[in-house]
There are 2 protein chains.
Amino acid sequence: MSRREAPGWQQIREELLRRIRDREWRPGTIIPTEVELAKEFGVARATMHRALRELADAGTLERRRRLGTRVTMHPVRQARFGIPLLRREIEETGAVYGYRLLSRAVKVAPTAVSEALGIPYRAILTQVRAVHSADGRPYVLEERWVHARRVPGFAAADLSVVSANEWLLANIPVSTGEMTLTAERARADVARLLDCQAGDPVMTVRRVTWRDGVGITQVRLVYAPGHAIVSAIGVDP
Amino acid sequence: MSRREAPGWQQIREELLRRIRDREWRPGTIIPTEVELAKEFGVARATMHRALRELADAGTLERRRRLGTRVTMHPVRQARFGIPLLRREIEETGAVYGYRLLSRAVKVAPTAVSEALGIPYRAILTQVRAVHSADGRPYVLEERWVHARRVPGFAAADLSVVSANEWLLANIPVSTGEMTLTAERARADVARLLDCQAGDPVMTVRRVTWRDGVGITQVRLVYAPGHAIVSAIGVDP
DNA sequence: CAGTGGTCTAGACCACAGC
DNA sequence: CTGTGGTCTAGACCACTGG
């Protein structure tokens, strides 16, 4: 074996996981304290703390002062997936990325959009529509609303070359948001842009992005039929 | 203000995030070393390390020995969502949960299933089909394949009362897996069970679960039309 | 080789929650 | 009050990697 040795706290975490998997420590039971486990494994308390904290962060253990550490009764498994640039998402499949700006306009935002972004009714926002393609075939339709006043530089951005998706990700380093996934029927205009039949089932993603507690942008991504979103489930990331 | 003080490493993380958001530290640039930052903030190196590691885990920073720490150029935002029991997922909407076992049989697994689980071609698995409902209306169709030999006790489990979903989650404490989301057209038999029209767009989730590197179960969940999957995007959780 | 982050230690004090 | 986990310190050594 030429495998390098994992750090101590990781080895300890694996051993603790094994005890849980093998039901030596059953869900709901209290396990020994940090000090006791540190002594058992012959490590400093900080090292044992690291292993236990990782498992607690993953939802496998629940820790409370005075009470101790218990194995979670009904662990909620976490699914995680990355949200790369659409360009990278496409290029990673080995295809050639293409991009076409359909329209850019300043309009009164629909109620649903202004509510999602937490801005006044009938606010004036920038709407951008574009199609991203893979090897020339339509991949996803991007329909975006941007609160341009809250995004310095956006008004001057040339979106015919760099997509709004890419520009925003590069210019808003840190943000939070919410994503909603639905299966919808392609409307006729969407079907035409995606080169599919009206009524085809299409994966639709709606993302709202916030920065410092205020809404910045909402985007609706309609993927061409057959698109799959893959995500890992697990304890480790 | 009666707000309790956050731990030091969290305050430091927020300040580092602020510098990134405000573009004092631009994407791609190298930031000061742990030792320098620890001195600047007047804390031990371990405390600064904790703050930096959290940001690196979130993908905001990239750290490499010798090279130092840089602000990630194109951060891949992470979306996370919990996978609760279907029963809890339904009850959290305020609806009354219902469950009906449709069939349970031992069969030769289709090729797609045995491949996904990494088991021999034409292996014998247990197939379970069930409908979960909310306030009496069909909510999701569960079509599951279980490698019963690898799940002690499953053969004796009574799935007419507790769903396979619930039984497995309670009896397999730790597992990993993969999830694939697609938008599909409801087949006629599915539409009948979900009380919708054939051809309706339905969110379809395929989950493969592994334990100790061997496949345990695959499930296909077909949600009734209109179902939305909501997920948080962010840097922290 | 040297400089950086990754890990570990031994010890300390604090925060919380049950008694 | 006591016992638990949460945080922090000062210091040490190791692992990786560019020069």
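Reminder, nothing fancy here: chain letters follow the sequence lines and each chain counts from 1.
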- With no hydrogens and no angle check, do the side chains of B/Thr217 and B/Arg144 hold a donor and an acceptor under 3.5 Å apart? yes
Where do N or O atoms of nucleotides 17-19 of chain D meet protein N or O atoms at under 3.5 Å, pair by pair?
unit_1 : atom_1 : unit_2  : atom_2 : d
D/dG18 : OP1    : B/Arg64 : NH2    : 3.2

- Message: What I want to find out is whether B/Arg18 reaches B/Glu15 closely enough, with some N-O distance under 4.0 Å, to be called a salt bridge.
- Response: yes
- Just compare D/dG6, C/dT7, D/dT9 and give me whichever is closest to any side-chain atom of B/Ala44. D/dT9
- Item | Nucleotide nearest A/Ala46 when distance is taken to its side chain, options C/dA10, D/dG6, C/dT7 | C/dA10
- Message: Among residues 27-39 of chain B, which ones have heavy-atom contacts with DNA chain C below 4.0 Å?
- Response: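 Contacting residues: B/Thr33, B/Glu34.
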- Task: Mind telling me whether A/Phe81 and B/Phe81 have parallel, tilted or perpendicular rings, with 30° and 60° as the class edges?
- Result: perpendicular
Using only side-chain N and O atoms of [X], determine if any of them is under 4.0 Å from OP1 or OP2 of [N].
X: A/His49; N: D/dG5; value: no
X: A/Arg63; N: D/dT4; value: no
X: B/Arg50; N: D/dT7; value: yes
X: B/Thr47; N: D/dT7; value: no
X: B/Thr69; N: C/dG5; value: yes

Rounded interatomic separation in angstrom, taking [atom1] from [X] and [atom2] from [N]:
X: B/Asp57; N: C/dG5; atom1: CG; atom2: C1'; value: 13 Å
X: A/Gln11; N: C/dT7; atom1: CD; atom2: P; value: 12 Å
X: A/Gln10; N: D/dA15; atom1: CD; atom2: C1'; value: 14 Å
X: A/Glu62; N: D/dT4; atom1: CD; atom2: P; value: 18 Å
X: B/Trp9; N: D/dT9; atom1: CH2; atom2: P; value: 14 Å
X: B/Arg45; N: C/dG5; atom1: CZ; atom2: P; value: 7 Å
X: B/Glu54; N: C/dG6; atom1: CD; atom2: P; value: 13 Å
X: B/Arg53; N: C/dT7; atom1: CZ; atom2: P; value: 7 Å

- salt bridge (Lys or Arg N to Asp or Glu O under 4.0 Å) with B/Glu143: which of B/Arg206, B/Arg207, B/Arg220?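 Checked B/Arg206, B/Arg207, B/Arg220 against B/Glu143; only one passes salt bridge (Lys or Arg N to Asp or Glu O under 4.0 Å): B/Arg220.
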Are the side chain of [X] and the backbone of [Y] linked by a donor-acceptor contact shorter than 3.5 Å?
X: B/Tyr99; Y: B/Leu159; result: yes
X: A/Thr204; Y: A/Val222; result: no
X: B/Asp158; Y: B/Ser160; result: yes
X: B/Glu166; Y: B/Ser163; result: no
X: B/Arg70; Y: B/Gly28; result: yes

- Using a 4.5 Å cut-off on heavy atoms from C-beta on, say whether the side chain of A/Arg77 contacts that of B/Thr209.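 B/Thr209 vs A/Arg77: side chains touch.
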- Message: Taking the side chain as everything from C-beta on, heavy atoms only, tell me whether A/Arg13 gets closer than 4.5 Å to A/Leu55.
- Response: yes
- Query: Using rotation axes that map the C1' atoms of four end pairs onto the next four (five pairs an end), what angle separates the end axes of the helix from C/dC1-D/dG18 to C/dG18-D/dC1, to 10°?
  - Reply: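 Helix axis angle between the two ends: 10°.
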- Query: So, for B/Tyr139 and B/His227, is the gap between ring centers shorter than 6.0 Å?
  - Reply: yes
